[in-house]
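Notes follow the structure.
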There are 2 protein chains.
Amino acid sequence: MSSKKPNSAPKPAPKPAPNAGQAPDTRTRILGAALELLSGGAAGVRMSDIAKAAGVSRQAVYLHFPARADLLIAAVRHLDELREVDRRLEESRQAKSGRARLAAFIAAWAGYLPEIHGVARALVAMYDTDEAARAAWDDRMAALRHGCAAAVAALASDGALNPALTEEDATDLLWTLLSHHNWERLTGDCGWAQERYVAAMQDLAARALAA
Amino acid sequence: MSSKKPNSAPKPAPKPAPNAGQAPDTRTRILGAALELLSGGAAGVRMSDIAKAAGVSRQAVYLHFPARADLLIAAVRHLDELREVDRRLEESRQAKSGRARLAAFIAAWAGYLPEIHGVARALVAMYDTDEAARAAWDDRMAALRHGCAAAVAALASDGALNPALTEEDATDLLWTLLSHHNWERLTGDCGWAQERYVAAMQDLAARALAA
DNA sequence: CGTCAACTTTACACCGTGTAAATTCCCGAA
DNA sequence: TTCGGGAATTTACACGGTGTAAAGTTGACG
């Protein structure tokens with residue numbers, strides 16, 4: 001489900017898009033405003049802030065999203081579409097060797113990280129108070145893990161996997177290395193440039209996982 | 001500083017310990033109750049829960065700690081004393097070679113992680129809403145970083161540091177690897193046993209940092 | 001002209017934190 | 001023995017943010 005109260009009616013679906021092709025509809029403006037405010041990882045963004053930024057009343061926001069968590073989740077999805085995340089991750093699968101594929105996957109994911117950083121932070125902050133947020137985040141993490149597993153499998157089928165590791169262990173490690181937290185610490189707290197982060201992670205993953 | 005409002009009076013200090021040597025005083029009982037409730041990483045622990053667990057009224061808690069953040073911070077310090085964290089970390093400095101020292105430091109820190117896990121989570125959850133919590137956590141992280149830097153320096157003075165890394169870079173990496181988040185993901189989400197976590201981190205750090 | 005949907009305004013309930021004050025209880029010193 | 005005074009207790013309330021509820025406004029389209 002989605003928000004707090006046991007919402008009997010499951011909501012009649014987003015919208016049949018009665019909007020021709022120009023000015024973004026209210027829902028989209030709200031999502032845009034939320035992304036705008038959260039970009040950069042600002043904390044303490046309230047529903048009223050988002051409403052104001054979208055040029056709409058606070059109540060109007062609740063007309064489109066039953067709860068804050070739902071808005072954040074929709075914002076993540078919205079951003080994914082805008083940035084064609086799936087396509088970019090998919091492309092990383094084209095690499096020929098297992099090692100190249102690992103590097104490409106890391107690069108693709110790393111490119112994604114700074115973009116969702118803001119919303120991700122907000123979503124994670126609700127992780128243990130909101131069931132919907134938890135589920136959405138877990139889902140996302142599961143997707144990342146899938147990518148990791150695929151990269152590890154490619155490595156293994158090349159015979160290039162560190163023999164001390166099972167595929168599962170290697171996946172766990174890679175999945176852990178690529179977490180938002182690690183990205184945030186290195187690029188944020190340590191002040192690393194994005195390229196340095198990418199290079200370091202590629203190197204680290206290769207050292208840890210490759211034979 | 002401590003809590004929310006600009007507390008004019010800076011608090012007259014904990015207490016001159018009028019208690020001889022038997023039943024723990026209320027303050028200690030509150031800290032104990034908080035640690036108990038938070039151990040295991042439970043979320044959503046309220047002041048009233050802690051008060052109840054300590055067998056005291058909610059208001060009594062505020063008699064001892066001006067705000068939730070201060071209670072959590074005191075709880076962390078209390079736990080540190082109980083568990084002799086400083087001593088354990090200090091011992092890891094005794095190792096002769098740089099590599100041994102790195103391994104010992106990782107083991108010592110790893111032993112600490114599961115113990116403060118619960119309070120740490122609660123404290124981190126307030127990180128961006130409470131200034132005192134932020135400062136306390138940053139402080140803690142700075143201490144960890146110091147340990148990392150020392151281990152890296154030991155490695156370097158053995159000439160065993162990966163030549164592709166400056167000491168600073170190596171410290172950043174080690175600091176990142178040893179984060180609570182990574183521990184939580186591996187032992188929690190991935191279900192790794194503590195020993196496996198320690199071994200994997202020692203191995204990973206050696207691969208990443210050693211020549 | 002009517003009506004339907006989107007949006008606004010106003011108001012309120014709920015929760016958890018933190019403040020405030022009056023009251024009880026007990027212990028130790030004059 | 002009485003008189004503090006400290007430590008709790010109880011009760012009450014302010015605040016901020018989320019979410020609900022309902023009545024009123026506006027504009028497009030039949």
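Any value given below was found using the heavy atoms of this structure, including those in side chains, with hydrogens, waters and symmetry copies removed. No experiment lies behind these values; they were computed from the predicted model shown. Sequence lines set the chain letters: A, B, ... in the order given, protein chains first and strands last, and positions in each chain run from 1.
Put simply, CE on B:M126 is 14 Å from P on D:dG17, counting in whole angstrom units. The distance between atom CZ of B:F65 and atom P of C:dG16, rounded to the nearest whole Å, is 21 Å. Protein atom CD1 of B:I30 is 7 Å distant from nucleotide atom P of D:dA8, rounded to whole Å. A straight line from CG of B:L72 to P of C:dT17 spans 10 Å, rounded to a whole angstrom. Residue B:Q59 contributes atom CD, which lies 14 Å from atom C1' of C:dT23 at whole-angstrom precision. Distance CG (B:D130) to C1' (C:dG16): 14 Å, rounded to an integer number of Å. Per the geometry, CG belonging to A:L63 stands 14 Å off C1' belonging to C:dC4, to the nearest Å. The nearest whole Å value for the distance from the CG atom in A:D49 to the P atom in D:dT18 is 8 Å.
When atom types are taken as modelled, the side chain of B:W175 and the backbone of B:G147 share no donor-acceptor pair closer than 3.5 angstrom. Remark: side-chain polar atoms of A:R88 are paired, donor with acceptor, to backbone N or O of A:R83 under 3.5 angstrom.
Counting only N and O atoms by type, the side chains of B:Y112 and B:D80 include a donor and acceptor under 3.5 Å apart.
Between the side chain of B:R58 and the base of C:dG16, no donor-acceptor pair under 3.5 Å is found.
Taking 4.0 angstrom as the limit, B:H64 places none of its side-chain polar atoms (N or O) nearer than this to OP1 or OP2 of D:dA7.
Residue whose closest nucleotide on DNA chain D sits further toward the 5' end, between B:T26 and A:R46: B:T26.
Comparing atom distances between the A:Y62 side chain and each of D:dA8, C:dT8, D:dT20 picks out D:dT20 as nearest. Comparing atom distances between the B:M47 side chain and each of D:dA8, C:dT8, C:dG18 picks out C:dG18 as nearest.
A salt bridge does not link A:R134 with A:D130: every distance from a Lys NZ or Arg NE/NH1/NH2 to an Asp or Glu carboxylate oxygen is 4.0 Å or more.
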